[in-house]
Amino acid sequence: MPVTYRAPKGTDDVLPPESRAWLRAEKTFVDLAEVFGYDIVLTPYFEATELFSRGVGEATEVVEKQMYTFTDKGGRSLTLRPEATASLVRAMVEAGGVHGTEKIAAWGPMFRYEKPQRGRRRQFYQGDIEYFGEPSPDADVEVIEFGYRYLEEMAVPDVVVALNSIGDVEDRATYRDLLTTWLMERQDDLSDDARNRIASNPLRVLDSKADADIVAEAPAPVEHLADAAAEHFTQVQRGLRRLQIPYRIEARLVRGLDYYNRTVWEYLATSYEGAQDAAGGGGRYDGLFELLGGKPTPAVGVAMGIDRIMLMAGKRADQPALDAFVVIADPNRRDAGLDLVSELRRRGLRTDLDLAERSVSAQFKAADRAAAAWAVVVGDEWADGKVTARNLATGEQETVAVEGIEAWLKGR
RNA sequence: GUGGCCGUAGCUCAGCCUGGUUAGAGCGCCUGGUUGUGGUCCAGGAAGUCGCGGGUUCGAAUCCCGUCGGUCACCCCA
(Lines give C-alpha, C1' and ligand atoms only; values in the text may rest on other atoms or scores of the structure.)
Protein backbone atom coordinates (compact mmCIF):
# COMPACT_ATOMS: atom_id res chain seq x y z
CA MET A 1 0.00 0.00 0.00
CA PRO A 2 1.43 3.37 -0.96
CA VAL A 3 1.56 5.84 1.87
CA THR A 4 -0.90 8.64 1.17
CA TYR A 5 -0.54 10.64 4.36
CA ARG A 6 2.61 11.20 6.33
CA ALA A 7 3.28 12.79 9.68
CA PRO A 8 4.23 16.42 8.97
CA LYS A 9 7.90 17.14 8.43
CA GLY A 10 9.79 17.11 11.68
CA THR A 11 7.09 15.31 13.64
CA ASP A 12 7.11 11.73 14.87
CA ASP A 13 4.59 9.11 15.80
CA VAL A 14 5.60 7.32 18.96
CA LEU A 15 4.49 3.72 18.54
CA PRO A 16 4.81 0.67 20.76
CA PRO A 17 7.12 -0.47 22.14
CA GLU A 18 8.85 2.94 22.30
CA SER A 19 5.66 4.54 23.54
CA ARG A 20 6.03 2.57 26.77
CA ALA A 21 9.42 4.14 27.34
CA TRP A 22 7.96 7.60 26.69
CA LEU A 23 5.18 7.02 29.16
CA ARG A 24 7.79 5.92 31.67
CA ALA A 25 9.80 9.08 30.99
CA GLU A 26 6.78 11.21 31.74
CA LYS A 27 5.91 9.30 34.88
CA THR A 28 9.49 9.48 36.08
CA PHE A 29 9.51 13.22 35.51
CA VAL A 30 6.25 13.93 37.29
CA ASP A 31 7.13 11.64 40.20
CA LEU A 32 10.53 13.27 40.63
CA ALA A 33 8.97 16.72 40.47
CA GLU A 34 6.65 15.71 43.30
CA VAL A 35 9.60 14.39 45.27
CA PHE A 36 11.18 17.83 44.93
CA GLY A 37 7.92 19.54 45.88
CA TYR A 38 6.72 20.73 42.48
CA ASP A 39 3.07 20.59 41.39
CA ILE A 40 2.02 20.02 37.80
CA VAL A 41 0.46 22.91 35.87
CA LEU A 42 -1.33 22.60 32.53
CA THR A 43 -1.35 25.56 30.15
CA PRO A 44 -2.54 25.97 26.54
CA TYR A 45 -0.40 24.70 23.68
CA PHE A 46 -0.96 28.04 21.93
CA GLU A 47 -0.82 31.58 23.22
CA ALA A 48 -1.10 35.13 21.97
CA THR A 49 1.88 35.66 19.68
CA GLU A 50 2.92 38.73 21.59
CA LEU A 51 3.49 36.71 24.76
CA PHE A 52 6.42 35.02 23.08
CA SER A 53 7.74 37.92 21.04
CA ARG A 54 7.91 40.02 24.20
CA GLY A 55 8.68 37.28 26.70
CA VAL A 56 11.28 35.34 24.77
CA GLY A 57 12.69 38.38 22.98
CA GLU A 58 12.22 39.90 19.52
CA ALA A 59 15.84 39.44 18.54
CA THR A 60 16.03 35.76 19.36
CA GLU A 61 16.32 33.01 16.79
CA VAL A 62 13.16 31.44 18.17
CA VAL A 63 11.00 34.50 17.64
CA GLU A 64 12.63 35.70 14.44
CA LYS A 65 12.16 32.55 12.44
CA GLN A 66 11.00 29.53 14.38
CA MET A 67 7.47 30.27 15.49
CA TYR A 68 4.36 28.52 14.25
CA THR A 69 2.12 31.58 14.05
CA PHE A 70 -1.42 31.65 12.67
CA THR A 71 -4.51 33.81 12.72
CA ASP A 72 -7.68 32.26 14.10
CA LYS A 73 -11.22 32.90 12.89
CA GLY A 74 -11.51 35.76 15.36
CA GLY A 75 -8.54 37.53 13.80
CA ARG A 76 -6.21 36.87 16.74
CA SER A 77 -2.55 36.20 16.11
CA LEU A 78 -1.73 32.99 17.96
CA THR A 79 1.46 30.94 18.19
CA LEU A 80 2.08 27.31 19.07
CA ARG A 81 4.29 27.54 22.12
CA PRO A 82 8.00 27.30 21.31
CA GLU A 83 8.83 26.95 25.01
CA ALA A 84 6.95 26.71 28.29
CA THR A 85 8.29 29.34 30.62
CA ALA A 86 6.49 32.36 29.15
CA SER A 87 3.16 30.51 29.39
CA LEU A 88 3.80 29.42 32.95
CA VAL A 89 4.69 32.92 34.06
CA ARG A 90 1.66 34.31 32.25
CA ALA A 91 -0.55 31.76 33.98
CA MET A 92 0.77 32.74 37.40
CA VAL A 93 0.40 36.44 36.73
CA GLU A 94 -3.13 35.85 35.45
CA ALA A 95 -3.98 33.85 38.58
CA GLY A 96 -3.03 36.77 40.76
CA GLY A 97 0.72 36.53 40.97
CA VAL A 98 3.03 34.59 43.25
CA HIS A 99 2.66 35.09 46.97
CA GLY A 100 5.74 33.86 48.72
CA THR A 101 7.07 31.02 46.62
CA GLU A 102 5.49 28.72 44.08
CA LYS A 103 7.05 25.57 42.66
CA ILE A 104 5.48 24.22 39.51
CA ALA A 105 6.17 21.59 36.89
CA ALA A 106 4.92 21.19 33.32
CA TRP A 107 5.13 18.59 30.60
CA GLY A 108 4.18 18.52 26.95
CA PRO A 109 4.95 19.33 23.33
CA MET A 110 6.68 22.47 22.08
CA PHE A 111 6.80 23.67 18.49
CA ARG A 112 9.60 25.31 16.56
CA TYR A 113 9.90 25.68 12.81
CA GLU A 114 13.42 24.43 12.22
CA LYS A 115 15.19 22.15 9.81
CA PRO A 116 14.75 18.76 11.46
CA GLN A 117 17.56 16.40 12.24
CA ARG A 118 18.27 13.77 14.83
CA GLY A 119 17.36 15.17 18.23
CA ARG A 120 15.74 18.25 16.73
CA ARG A 121 12.08 18.02 15.82
CA ARG A 122 9.45 20.58 14.94
CA GLN A 123 7.20 19.14 17.60
CA PHE A 124 9.30 18.10 20.54
CA TYR A 125 8.67 17.41 24.20
CA GLN A 126 9.90 19.13 27.29
CA GLY A 127 9.55 18.63 30.99
CA ASP A 128 9.87 21.89 32.91
CA ILE A 129 10.13 22.90 36.51
CA GLU A 130 10.03 26.50 37.69
CA TYR A 131 10.86 27.88 41.13
CA PHE A 132 9.05 31.20 41.52
CA GLY A 133 9.59 33.82 44.19
CA GLU A 134 12.92 32.68 45.58
CA PRO A 135 16.05 34.77 44.98
CA SER A 136 18.42 32.46 46.88
CA PRO A 137 21.22 30.82 44.90
CA ASP A 138 20.12 27.62 46.61
CA ALA A 139 16.99 27.75 44.45
CA ASP A 140 19.25 27.70 41.38
CA VAL A 141 21.10 24.76 42.89
CA GLU A 142 17.85 22.89 43.61
CA VAL A 143 16.63 23.32 40.05
CA ILE A 144 19.99 22.31 38.60
CA GLU A 145 20.00 19.28 40.87
CA PHE A 146 16.51 18.30 39.77
CA GLY A 147 17.52 18.11 36.13
CA TYR A 148 20.65 16.21 37.02
CA ARG A 149 18.70 13.65 39.05
CA TYR A 150 16.19 13.24 36.27
CA LEU A 151 18.96 12.41 33.82
CA GLU A 152 20.33 9.95 36.37
CA GLU A 153 16.95 8.24 36.66
CA MET A 154 16.63 8.15 32.90
CA ALA A 155 20.05 6.48 32.74
CA VAL A 156 21.67 9.12 30.54
CA PRO A 157 25.40 8.50 30.94
CA ASP A 158 28.23 11.01 31.40
CA VAL A 159 26.29 14.17 32.13
CA VAL A 160 28.07 17.39 33.00
CA VAL A 161 26.52 20.73 33.78
CA ALA A 162 27.85 23.56 31.62
CA LEU A 163 27.47 26.58 33.86
CA ASN A 164 27.78 30.31 33.42
CA SER A 165 26.57 33.60 34.79
CA ILE A 166 25.57 36.40 32.47
CA GLY A 167 25.00 38.89 35.28
CA ASP A 168 22.07 41.13 36.06
CA VAL A 169 20.32 43.24 33.48
CA GLU A 170 21.84 46.48 34.81
CA ASP A 171 25.37 45.06 34.79
CA ARG A 172 24.82 43.60 31.39
CA ALA A 173 24.30 47.03 29.83
CA THR A 174 27.85 47.95 30.78
CA TYR A 175 29.22 44.63 29.62
CA ARG A 176 27.18 44.81 26.45
CA ASP A 177 28.80 48.15 25.53
CA LEU A 178 32.20 46.70 26.24
CA LEU A 179 31.51 43.64 24.09
CA THR A 180 29.95 45.69 21.30
CA THR A 181 33.02 47.90 21.10
CA TRP A 182 35.28 44.86 21.13
CA LEU A 183 33.29 43.20 18.35
CA MET A 184 33.10 46.36 16.24
CA GLU A 185 36.88 46.57 16.24
CA ARG A 186 37.05 43.09 14.76
CA GLN A 187 33.95 43.06 12.61
CA ASP A 188 35.89 42.55 9.40
CA ASP A 189 36.99 39.16 10.69
CA LEU A 190 33.56 38.05 11.83
CA SER A 191 31.02 35.98 9.94
CA ASP A 192 28.06 37.76 8.36
CA ASP A 193 25.69 36.34 10.95
CA ALA A 194 27.85 37.52 13.79
CA ARG A 195 28.28 40.99 12.31
CA ASN A 196 24.54 41.40 11.90
CA ARG A 197 24.03 40.44 15.50
CA ILE A 198 26.37 43.02 16.98
CA ALA A 199 23.68 45.65 17.04
CA SER A 200 20.67 43.48 17.87
CA ASN A 201 22.03 40.92 20.30
CA PRO A 202 25.82 41.01 20.75
CA LEU A 203 25.87 38.39 23.50
CA ARG A 204 24.70 35.78 21.06
CA VAL A 205 27.84 36.27 19.03
CA LEU A 206 29.67 34.63 21.91
CA ASP A 207 28.43 31.14 21.19
CA SER A 208 28.88 31.37 17.44
CA LYS A 209 30.88 28.36 16.35
CA ALA A 210 31.90 30.00 13.10
CA ASP A 211 33.63 32.73 15.09
CA ALA A 212 34.86 30.52 17.91
CA ASP A 213 38.53 31.40 17.41
CA ILE A 214 37.96 35.12 17.57
CA VAL A 215 35.31 35.05 20.25
CA ALA A 216 37.50 32.95 22.53
CA GLU A 217 39.50 36.12 23.15
CA ALA A 218 36.46 38.31 23.80
CA PRO A 219 35.67 39.63 27.26
CA ALA A 220 33.33 37.14 28.96
CA PRO A 221 30.23 38.12 30.94
CA VAL A 222 31.39 36.15 33.94
CA GLU A 223 34.51 38.34 34.15
CA HIS A 224 32.38 41.45 34.44
CA LEU A 225 29.83 40.61 37.10
CA ALA A 226 28.80 43.15 39.70
CA ASP A 227 29.40 42.15 43.30
CA ALA A 228 25.89 40.81 43.96
CA ALA A 229 25.81 38.65 40.85
CA ALA A 230 29.35 37.45 41.44
CA GLU A 231 28.52 36.40 44.98
CA HIS A 232 25.36 34.65 43.75
CA PHE A 233 27.40 32.72 41.21
CA THR A 234 29.93 31.71 43.85
CA GLN A 235 27.15 30.38 46.04
CA VAL A 236 25.62 28.39 43.19
CA GLN A 237 28.95 26.72 42.57
CA ARG A 238 29.40 26.03 46.26
CA GLY A 239 26.01 24.31 46.34
CA LEU A 240 26.81 22.15 43.32
CA ARG A 241 30.10 21.06 44.83
CA ARG A 242 28.34 20.21 48.08
CA LEU A 243 25.89 17.98 46.17
CA GLN A 244 28.75 16.59 44.07
CA ILE A 245 27.10 17.55 40.82
CA PRO A 246 29.77 17.70 38.13
CA TYR A 247 29.91 21.08 36.40
CA ARG A 248 32.28 23.18 34.41
CA ILE A 249 32.27 26.90 33.80
CA GLU A 250 31.43 27.64 30.18
CA ALA A 251 32.24 31.34 29.79
CA ARG A 252 30.71 31.61 26.29
CA LEU A 253 27.41 29.97 27.22
CA VAL A 254 24.68 32.60 26.85
CA ARG A 255 21.54 30.66 25.80
CA GLY A 256 19.10 31.73 23.16
CA LEU A 257 16.31 33.28 25.15
CA ASP A 258 16.49 36.89 26.26
CA TYR A 259 14.84 36.61 29.64
CA TYR A 260 17.74 35.05 31.50
CA ASN A 261 19.92 36.79 34.04
CA ARG A 262 22.65 35.56 36.36
CA THR A 263 22.82 31.78 36.29
CA VAL A 264 22.44 29.88 33.03
CA TRP A 265 23.27 26.24 32.36
CA GLU A 266 22.88 23.27 30.07
CA TYR A 267 23.20 19.55 30.67
CA LEU A 268 25.66 18.04 28.23
CA ALA A 269 25.78 14.32 27.59
CA THR A 270 29.46 14.05 26.81
CA SER A 271 29.43 10.52 25.44
CA TYR A 272 26.48 11.05 23.12
CA GLU A 273 27.54 11.05 19.50
CA GLY A 274 25.46 13.63 17.74
CA ALA A 275 25.35 17.34 17.27
CA GLN A 276 22.53 17.81 19.74
CA ASP A 277 24.28 16.96 22.97
CA ALA A 278 22.26 19.28 25.23
CA ALA A 279 19.73 17.23 27.19
CA GLY A 280 18.27 20.25 28.91
CA GLY A 281 18.95 23.78 29.96
CA GLY A 282 17.79 26.46 32.27
CA GLY A 283 18.50 29.68 33.99
CA ARG A 284 17.37 32.41 36.29
CA TYR A 285 14.94 34.99 34.95
CA ASP A 286 14.20 37.54 37.64
CA GLY A 287 12.79 40.09 35.20
CA LEU A 288 10.22 38.05 33.31
CA PHE A 289 7.24 38.50 35.62
CA GLU A 290 7.57 42.27 35.38
CA LEU A 291 8.07 42.11 31.64
CA LEU A 292 4.80 40.20 31.33
CA GLY A 293 2.86 42.58 33.51
CA GLY A 294 3.27 40.99 36.91
CA LYS A 295 4.94 42.26 40.03
CA PRO A 296 8.69 41.71 40.29
CA THR A 297 9.22 38.05 41.13
CA PRO A 298 12.56 36.24 41.18
CA ALA A 299 12.45 32.96 39.30
CA VAL A 300 14.63 30.11 38.13
CA GLY A 301 13.68 27.15 35.97
CA VAL A 302 14.82 24.36 33.73
CA ALA A 303 13.56 22.62 30.61
CA MET A 304 14.51 19.02 29.93
CA GLY A 305 14.51 17.88 26.30
CA ILE A 306 12.67 14.58 26.37
CA ASP A 307 13.28 13.61 22.73
CA ARG A 308 17.02 13.91 23.22
CA ILE A 309 16.93 12.13 26.55
CA MET A 310 15.12 9.24 24.89
CA LEU A 311 17.94 9.07 22.33
CA MET A 312 20.61 9.25 25.00
CA ALA A 313 19.01 6.99 27.59
CA GLY A 314 20.15 3.44 28.11
CA LYS A 315 17.62 0.91 26.87
CA ARG A 316 15.81 -1.10 29.51
CA ALA A 317 14.33 -4.57 29.07
CA ASP A 318 10.61 -4.56 28.63
CA GLN A 319 8.46 -6.24 31.23
CA PRO A 320 5.99 -8.94 30.17
CA ALA A 321 3.12 -7.04 28.65
CA LEU A 322 0.38 -9.48 29.67
CA ASP A 323 -0.42 -11.60 32.69
CA ALA A 324 -2.62 -14.03 30.82
CA PHE A 325 -3.48 -15.00 27.26
CA VAL A 326 -6.65 -17.01 26.87
CA VAL A 327 -6.48 -19.77 24.27
CA ILE A 328 -9.80 -21.04 22.97
CA ALA A 329 -9.18 -24.68 22.06
CA ASP A 330 -12.75 -25.48 21.12
CA PRO A 331 -14.67 -22.98 18.96
CA ASN A 332 -17.86 -24.07 20.74
CA ARG A 333 -16.45 -22.63 23.94
CA ARG A 334 -15.74 -19.21 22.46
CA ASP A 335 -18.34 -17.52 24.67
CA ALA A 336 -16.82 -19.13 27.75
CA GLY A 337 -13.41 -17.89 26.69
CA LEU A 338 -14.68 -14.37 26.11
CA ASP A 339 -16.36 -14.39 29.51
CA LEU A 340 -13.17 -15.59 31.16
CA VAL A 341 -11.17 -12.79 29.49
CA SER A 342 -13.67 -10.24 30.74
CA GLU A 343 -13.58 -11.68 34.25
CA LEU A 344 -9.77 -11.67 34.40
CA ARG A 345 -9.67 -8.10 33.14
CA ARG A 346 -12.17 -6.99 35.78
CA ARG A 347 -9.86 -8.54 38.35
CA GLY A 348 -7.09 -6.34 37.04
CA LEU A 349 -5.05 -8.97 35.21
CA ARG A 350 -3.61 -7.81 31.93
CA THR A 351 -5.35 -10.26 29.64
CA ASP A 352 -5.78 -10.71 25.90
CA LEU A 353 -6.79 -13.31 23.34
CA ASP A 354 -6.75 -13.97 19.60
CA LEU A 355 -10.16 -13.25 18.09
CA ALA A 356 -9.40 -14.70 14.66
CA GLU A 357 -10.58 -18.26 15.45
CA ARG A 358 -7.25 -19.73 14.53
CA SER A 359 -5.58 -22.99 15.49
CA VAL A 360 -4.45 -23.61 19.04
CA SER A 361 -0.90 -23.61 17.79
CA ALA A 362 -1.38 -20.18 16.24
CA GLN A 363 -2.99 -18.90 19.42
CA PHE A 364 -0.05 -20.08 21.48
CA LYS A 365 2.26 -18.37 19.09
CA ALA A 366 0.26 -15.17 19.56
CA ALA A 367 0.45 -15.63 23.33
CA ASP A 368 4.21 -15.92 23.07
CA ARG A 369 4.50 -12.84 20.86
CA ALA A 370 2.36 -10.86 23.25
CA ALA A 371 4.87 -11.69 25.98
CA ALA A 372 2.20 -13.21 28.18
CA ALA A 373 3.23 -14.87 31.43
CA TRP A 374 0.46 -17.48 31.23
CA ALA A 375 -1.58 -19.16 28.54
CA VAL A 376 -4.99 -20.21 29.86
CA VAL A 377 -6.62 -22.89 27.71
CA VAL A 378 -10.40 -23.10 27.51
CA GLY A 379 -11.35 -26.49 26.05
CA ASP A 380 -12.88 -29.82 27.02
CA GLU A 381 -11.88 -29.40 30.66
CA TRP A 382 -14.29 -26.48 30.83
CA ALA A 383 -17.06 -29.10 31.19
CA ASP A 384 -15.52 -30.00 34.55
CA GLY A 385 -15.19 -26.34 35.51
CA LYS A 386 -11.49 -26.33 34.75
CA VAL A 387 -8.92 -24.66 32.51
CA THR A 388 -5.33 -25.51 31.71
CA ALA A 389 -2.78 -22.88 32.71
CA ARG A 390 0.59 -23.04 31.03
CA ASN A 391 3.55 -21.01 32.22
CA LEU A 392 5.05 -19.75 28.97
CA ALA A 393 8.46 -19.14 30.46
CA THR A 394 8.97 -22.57 32.04
CA GLY A 395 6.61 -24.69 29.98
CA GLU A 396 5.03 -26.17 33.10
CA GLN A 397 1.29 -26.52 33.00
CA GLU A 398 -1.52 -27.59 35.24
CA THR A 399 -5.26 -28.07 34.95
CA VAL A 400 -6.98 -26.01 37.61
CA ALA A 401 -10.47 -24.92 38.60
CA VAL A 402 -11.85 -21.88 36.80
CA GLU A 403 -13.29 -20.80 40.11
CA GLY A 404 -10.56 -18.71 41.71
CA ILE A 405 -8.29 -18.80 38.64
CA GLU A 406 -7.45 -15.10 39.09
CA ALA A 407 -6.16 -15.75 42.59
CA TRP A 408 -4.32 -18.83 41.38
CA LEU A 409 -2.55 -16.86 38.65
CA LYS A 410 -1.75 -13.97 40.96
CA GLY A 411 -0.33 -16.40 43.52
CA ARG A 412 2.23 -17.75 41.08
C1' G B 1 17.74 29.05 5.88
C1' U B 2 22.92 26.69 3.55
C1' G B 3 25.68 22.29 1.99
C1' G B 4 26.77 16.68 1.69
C1' C B 5 24.60 11.79 1.62
C1' C B 6 20.18 8.72 1.33
C1' G B 7 14.84 7.04 -0.19
C1' U B 8 13.75 -0.72 -3.45
C1' A B 9 8.60 -5.99 0.49
C1' G B 10 6.31 -4.63 7.58
C1' C B 11 11.95 -3.97 9.04
C1' U B 12 17.38 -3.99 7.57
C1' C B 13 19.43 -3.88 2.96
C1' A B 14 21.52 -5.90 -2.23
C1' G B 15 20.65 -4.48 -7.37
C1' C B 16 21.76 1.51 -9.70
C1' C B 17 28.19 3.34 -11.63
C1' U B 18 28.44 -0.12 -16.97
C1' G B 19 19.67 1.13 -18.66
C1' G B 20 17.25 -4.76 -21.35
C1' U B 21 13.44 -11.07 -20.21
C1' U B 22 8.82 -12.77 -14.14
C1' A B 23 13.13 -6.90 -8.92
C1' G B 24 16.18 -10.31 -4.85
C1' A B 25 18.11 -11.66 0.35
C1' G B 26 17.83 -11.93 5.67
C1' C B 27 14.50 -11.00 9.55
C1' G B 28 9.29 -10.60 10.43
C1' C B 29 4.25 -12.28 8.96
C1' C B 30 0.64 -16.40 7.35
C1' U B 31 -0.31 -21.82 6.59
C1' G B 32 1.15 -26.81 7.28
C1' G B 33 4.33 -30.70 9.63
C1' U B 34 1.68 -31.04 15.40
C1' U B 35 -7.48 -31.99 13.83
C1' G B 36 -5.48 -29.01 22.33
C1' U B 37 0.29 -26.44 23.12
C1' G B 38 4.36 -21.26 21.89
C1' G B 39 9.60 -20.19 22.01
C1' U B 40 13.89 -24.51 18.09
C1' C B 41 13.62 -27.03 13.33
C1' C B 42 11.57 -28.28 8.29
C1' A B 43 8.28 -27.24 3.98
C1' G B 44 5.20 -23.91 1.50
C1' G B 45 2.95 -19.00 0.94
C1' A B 46 1.39 -13.81 0.95
C1' A B 47 3.39 -9.14 0.44
C1' G B 48 6.79 -4.23 -3.78
C1' U B 49 2.70 2.24 -8.59
C1' C B 50 11.70 0.53 -6.67
C1' G B 51 9.14 8.05 -2.26
C1' C B 52 6.33 11.22 -5.89
C1' G B 53 6.18 14.00 -10.71
C1' G B 54 8.34 15.07 -15.27
C1' G B 55 12.24 14.22 -19.01
C1' U B 56 15.83 11.21 -22.13
C1' U B 57 15.27 6.31 -24.53
C1' C B 58 12.64 1.19 -28.56
C1' G B 59 13.08 0.21 -23.17
C1' A B 60 14.28 3.47 -16.64
C1' A B 61 14.71 0.83 -9.80
C1' U B 62 19.09 2.03 -12.92
C1' C B 63 20.57 8.27 -16.56
C1' C B 64 18.78 13.78 -16.06
C1' C B 65 15.63 17.64 -13.69
C1' G B 66 12.15 18.91 -10.06
C1' U B 67 9.65 17.78 -5.63
C1' C B 68 8.54 15.48 -0.88
C1' G B 69 10.74 13.01 3.20
C1' G B 70 14.98 11.24 6.09
C1' U B 71 19.94 11.90 7.71
C1' C B 72 24.71 14.39 8.79
C1' A B 73 27.08 19.04 9.37
C1' C B 74 26.32 24.39 9.61
C1' C B 75 23.01 28.12 11.76
C1' C B 76 20.81 27.61 16.41
C1' C B 77 18.82 25.04 20.31
C1' A B 78 15.77 21.10 24.08
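Just so it is clear: chains get the letters A, B, ... in the order the sequence lines come, proteins before strands, and each one is counted from 1.
Heavy atoms of A:R112 sit under 4.0 angstrom from at least one base atom.
No side-chain N or O of A:Y148 forms a donor-acceptor pair with one of A:E153 less than 3.5 Å apart.
Remark: A:R112 fails to qualify as a cation-pi partner of A:Y68 under the 6.0 Å distance and 45° angle criteria applied to the six-membered ring.
For A:Y267 and A:Y150, the ring centers are positioned 6.0 Å apart or more.
What separates CG of A:D13 from P of B:G70 is a distance of 12 Å, to the nearest Å.
Listed by residue number, the members of residues 374-398 of chain A with any heavy atom below 4.0 angstrom from RNA chain B are A:V377, A:G379, A:D380, A:E381, A:T388, A:R390, A:L392, A:A393, A:G395, A:Q397. For the contact set between residues 102-109 of chain A and RNA chain B, defined by any heavy atom under 4.0 Å, there are no members.
A salt bridge is absent between A:D307 and A:R120; no separation between the charged side-chain nitrogens and carboxylate oxygens falls under 4.0 Å. At a threshold of 4.0 Å, the pair A:E406-A:R346 does not count as salt-bridged, since none of the basic side-chain nitrogens sits closer than that to a carboxylate oxygen.
Proximity note for A:K365 (side chain, C-beta onward) versus B:A78, B:G36, B:G39: the nearest is B:G39. For A:A278, the side-chain atoms get nearest to B:A78 when compared with the rest of B:C30, B:C75, B:A78. Taking only side-chain atoms of A:K115, from C-beta outward, the nucleotide of B:G3, B:C77, B:C76 with the closest atom is B:G3.
Ring planes of A:Y131 and A:Y38: perpendicular class, angle over 60° (limits at 30 and 60°).
Regarding contacts with the backbone of B:U71, a side-chain N or O of A:R121 is found under 4.0 angstrom from either OP1 or OP2. For A:K9 and B:C68, the shortest distance from a side-chain N or O to OP1 or OP2 is not below 4.0 Å.
For A:E142, the salt bridge (charged side-chain N to carboxylate O under 4.0 Å, His left out) partners two or more places apart in sequence, or in a different chain, are A:K103.
At a cut-off of 3.5 angstrom, counting only N and O atoms as typed in the model, there is no donor on one side facing an acceptor on the other between the side-chain of A:D368 and the base of B:G39.
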